[in-house]
Amino acid sequence: MSQETKPGVETAEKLGLLKEEYDKIVDYLGREPNFTELSVYSVMWSEHCSYKNSIKWIKTLPRKGENLLVEAGEENAGLVDIGDGLACAFKMESHNHPSAIEPYQGAATGVGGIHRDIFTMGARPIAALNSLRFGDLDTERTKHLLKGVVRGIGDYGNCLGVPTIGGETYFHPSYQQNILVNAMSIGIVKVGETASAVAPGPGNPVFIVGSATGKDGIHGATFASADLTEDSADDLPSVQVGDPFQEKLLLEASLEALKTGAVEGMQDMGAAGISCSTSEMSAKSGTGMVIHLDKVPLRQENMHPFEILLSESQERMLVVAKKGSEDKLLEVYKKWDLECVQIGEVTDCGRLEYFMHGEKVADIPAASLVLGGGAPVYDRDYQTPAYFKKIDEFDIQNIPQPTDLVLVAKKLMASSNIASKKWIYNQYDSTVRTNTLSFNSPSDASVIRIKGTGVALAATSDCNSSYVYADPFRGGAIAVSEAARNLVCTGAKPLAITNCLNFGNPYNPEVYYQFVYAIKGMAAACKQFNTPVTGGNVSFYNHSVLKSGNEPVYPTPTIGMIGIIQDQSKIMTMDFKQSGDLIIMLGDHKNDIGSSEYLRITNGPQHSPVPDIDLTVEKELHDTLLELIDKRLIKSAHDISEGGLFACLAESGMERGLGFEIVSDSLVRKDAFLFGESQSRAVVSIDPNLRDLIFDILDNKNLKYHVLGNVTDGSVTIDSEPFGNIDEYREIHENTIANKIGE
């Protein structure tokens, strides 16, 4: 064993470990750790890898369902049966801190990492989505970060040949320092042909494949498990560098290698690099490994053992081969001009023994490093946020109604959160592989065909963090509800979710309260809709420590959800189809402007309540929409969310230059009617000749509905008052983001 100096508890604390965690390491090893061992524990026990501050609550989310082929946490990604002998693998993860420091590479490597999680399971990635959060778009910093992130996502995905089919982008001052970059990947695999991140069979050889290892990304997991400060740019080496062309080769080679039968286990090297993949694969199989670090292909000289173990260099994977089948594996990777080097073998001792030039530099029980094994688990204190008192004091009667609602409507459509994100998504290739069905006709969720079947998948990513801030429970429930509503408005039956839980520092009791109650709200909604959680990611420490103050981001539990459309001919779009069609709102109006974009742009930041939600009513809305779509009774469907009813109607009309003429409800304030964001509502348009048939169906539902008016040739009229032409709103909506960025 290496005679490396024992670093002690002081060094452990500098690496992000607590004193009690250091003592626990000593207990596991039966001695004090050397620096290499301590470095491995520091990354494996970081929040980013171990979920030590979150796992207790994550386990309360519903994780079983009739379509699930694996439970959450069993594999690199969730796996859902979609029929025809096929399964959908999908997952979402964050790359927040790296993107805040180096936006292009941070976002690009986030995309690469999430796709590797999918194809290491044997699934071919067929689509990508993302969820992005930035600060004030009027600041130069935000413009710089936005441009870098969007280019990083676009360049990597476009080069890899995986279409980016959807996503969301929000702007809020709470993200000024800590931006959020959440990436989602969807893949398809035949049932029974998936690969697992396991290391069975003592004596089986262990290979590292893909790119050479460098010093980029060292302690990246630790970096992601700490608050950002004004000096965080000094940690720039923690940001990895990606190569999408190398990833494309790795994708094709790995899928081909799996077909040879030579692979026993495979795992991406993401956070914590070799130390993570060796420990997780071994712990899952109850085995160990002997690893020779001097055999790892390096692209930098004189790398120390801890640097090789912790490097997060991209486009690398660990493969456990079937003994005697090594030549098959080597032949495939040689064909694709990729390095494939044996660096060790599986053992039966349950320990990870790392060697450098024949000298053992670390000896660690594999199970002691991982989630569900020896990694610490904490139950943090939480308390009701003090700002809730301000929310309780909100009174809608104290908010005056605007005298010029036309001006408000135009200002709303110019809001960065309502305006079209065309400038962003035009930089993504959404049509590569020719499967995207939602490219030409807008719909609430993105849709992609499954070739060789009549089936299509719909996918979305959703979260209104203002709602979660105002009421974490209801906000968490609404995030799941809106994701499901978007799928349903497209004609898809929701199947399951992944998530990316972005919060501030978990040691802050108010932040931890937000986390706990958002989880509870998500769980309630998932149970109501029968959409189990297949896995995801927790990103704590999205918390800025600046000279000007200490600020967490708004709590942002991003929901990635997939659904299935059994008949591609029944895909529903959001755009009005013909002048004269009848416009109906499913759901009910409420005298509510709380936490709305309207309230923010007209009255500035407000502490106001989140819209109420009844999950039973929400489910009734879903069932009703799916029935109407299945019977081909409606011509368009669009959910009411940010911007309220007016934004919903305007977005429905813009695609074909069609306007609307409606009458407001005298029982609610006119600003609440037009711009309030009451939940569990959607707008549909129908052929007037079908009104009696549709009303008969709706009258037998436990769901209120309102006839609003008619589709017009382009004019917008509300209560006989002219609001202009739909083309005016389209011009504002489509050009705001590009104008603000200056492009």
Side-chain angles (χ1 to χ4, degrees), residues 1-2 28-29 34 36-37 40 44 75-76 120 122 195-213 250 253-254 256-258 260-270 272-298 303-311 313 316-334 338-370 373-374:
M1 184 72 181
S2 170
Y28 280 133
L29 298 180
N34 62 33
T36 300
E37 292 165 335
V40 171
M44 291 304 298
E75 295 293 351
N76 283 334
T120 53
S196 293
V198 293
N204 280 334
V206 178
F207 290 83
I208 188 169
V209 301
S211 296
T213 298
L250 190 60
S254 298
E256 186 174 326
L258 289 169
T260 67
V263 176
E264 292 280 13
M266 179 183 289
Q267 182 162 333
D268 164 45
M269 284 186 194
I274 293 174
S275 60
C276 182
S277 52
T278 54
S279 60
E280 290 185 349
M281 293 174 77
S282 298
K284 190 177 289 187
S285 298
T287 56
M289 289 185 188
V290 167
I291 299 294
H292 299 279
L293 299 176
D294 50 292
K295 294 184 179 180
V296 175
L298 304 178
M303 287 184 67
H304 296 290
F306 83 91
E307 293 176 313
I308 299 171
L309 280 167
L310 271 56
S311 169
S313 294
R316 300 179 304 155
M317 300 198 309
L318 199 73
V319 177
V320 174
K322 187 177 296 182
K323 190 173 180 63
S325 299
E326 297 93 335
D327 289 346
K328 293 181 181 179
L329 192 71
L330 291 167
E331 183 180 350
V332 169
Y333 284 101
K334 181 179 180 181
L338 291 169
E339 286 199 278
C340 179
V341 178
Q342 183 176 347
I343 61 171
E345 66 179 35
V346 178
T347 65
D348 61 1
C349 65
R351 304 184 71 83
L352 299 171
E353 299 172 271
Y354 300 113
F355 290 83
M356 190 76 170
H357 301 301
E359 181 182 20
K360 186 184 288 187
V361 294
D363 187 344
I364 303 171
S368 71
L369 293 171
V370 301

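In this chain, numbering begins with 1 at the start of the sequence shown.
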K.L.:
If every non-hydrogen atom of D348 is compared with every non-hydrogen atom of P202, which pair is closest and at what distance?
P.N.:
CB-CG, 3.6 Å
K.L.:
Out of curiosity, Y354 OH to L309 CG, how far, rounded to the nearest 0.5 Å?
P.N.:
5.5 Å
K.L.:
Where is the tightest heavy-atom contact between C340 and V209, given as atom of each residue plus distance?
P.N.:
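It is SG-CG1, 3.5 Å.
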K.L.:
Could you pull out all residues at least two apart from E345 that satisfy salt bridge (Lys or Arg N to Asp or Glu O under 4.0 Å)?
P.N.:
none
K.L.:
Measure from the side-chain N and O atoms of N34 to the backbone N and O of V361, and report whether any donor-acceptor pair falls under 3.5 Å.
P.N.:
yes
K.L.:
E37 versus V40: any side-chain heavy-atom pair under 4.5 Å?
P.N.:
no
K.L.:
I'd like to check L29 versus P365 (side-chain heavy atoms, cut-off strictly below 4.5 Å). Are they in contact?
P.N.:
yes
K.L.:
Is there side-chain contact between V296 and V341, with heavy atoms separated by less than 4.5 Å?
P.N.:
no
K.L.:
Indicate the atoms forming the closest heavy-atom contact of E264 with N204, along with that distance.
P.N.:
CG-ND2, 3.9 Å
K.L.:
Under a plain distance cut-off of 3.5 Å, with no hydrogens placed, do Q267 and E280 share a side-chain donor-acceptor pair?
P.N.:
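Indeed, the side chains of E280 and Q267 share at least one donor-acceptor pair under 3.5 Å.
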K.L.:
Find out whether S254 and Y333 are in side-chain contact, i.e. whether some heavy atom of one side chain is under 4.5 Å from a heavy atom of the other.
P.N.:
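Yes; the side chains approach each other to less than 4.5 Å.
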K.L.:
Any side-chain heavy-atom pair from R316 and E339 closer than 4.5 angstrom?
P.N.:
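Sidechains of E339 and R316: no contact.
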K.L.:
Please report the interatomic distance SG(C276) to CG(L318), rounded to the nearest 0.5 Å.
P.N.:
10.5 Å
K.L.:
Inspect the surroundings of NE2 in H292 and state if more than 12 heavy atoms from other residues, nucleotides or ligands are less than 6.0 Å away.
P.N.:
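More than 12 within 6.0 Å, yes.
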K.L.:
Quick check on E256: does its CD atom have over 12 non-hydrogen neighbours (other residues, nucleotides or ligands) under 6.0 Å away?
P.N.:
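Enclosed: over 12 neighbouring heavy atoms sit under 6.0 Å from CD of E256.
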K.L.:
To the closest 0.5 Å, what do you measure between NZ (K295) and CD1 (I308)?
P.N.:
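The distance works out to 13.5 Å.
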K.L.:
Is any side-chain heavy atom of L369 less than 4.5 Å from a side-chain heavy atom of S275?
P.N.:
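Not in contact.
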K.L.:
Report the distance from atom CE of M269 to atom OG of S211, rounding to the nearest 0.5 Å.
P.N.:
11.0 Å
K.L.:
Roughly how far, to the nearest 0.5 Å, is CD1 of I274 from CD1 of I208?
P.N.:
4.0 Å
K.L.:
For S311 and S313, does a side-chain donor sit closer than 3.5 Å to a side-chain acceptor?
P.N.:
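Yes, because at least one side-chain N or O of S311 sits under 3.5 Å from a partner of the opposite role on S313.
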K.L.:
Closest approach of H304 and E307, non-hydrogen atoms and distance?
P.N.:
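Result for this residue pair: N-OE1, 2.7 Å.
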K.L.:
Check G288 against S282 and note the closest heavy-atom contact, atom names and distance.
P.N.:
C-OG, 3.8 Å
K.L.:
Check whether any side-chain heavy atom of T260 sits under 4.5 Å from a side-chain heavy atom of L329, and report yes or no.
P.N.:
no
K.L.:
For the residue pair N76 and M266, what are the closest heavy atoms and their distance?
P.N.:
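Result for this residue pair: ND2-O, 4.3 Å.
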K.L.:
Could you work out, with side-chain contact (heavy atoms from CB on, under 4.5 Å) as the rule, every residue matching D327, not counting sequence neighbours?
P.N.:
L330
K.L.:
Can you tell me how far apart OG1 (T213) and CG (L310) are? Round to the nearest 0.5 Å.
P.N.:
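Between atom OG1 of T213 and atom CG of L310 there are 11.5 Å.
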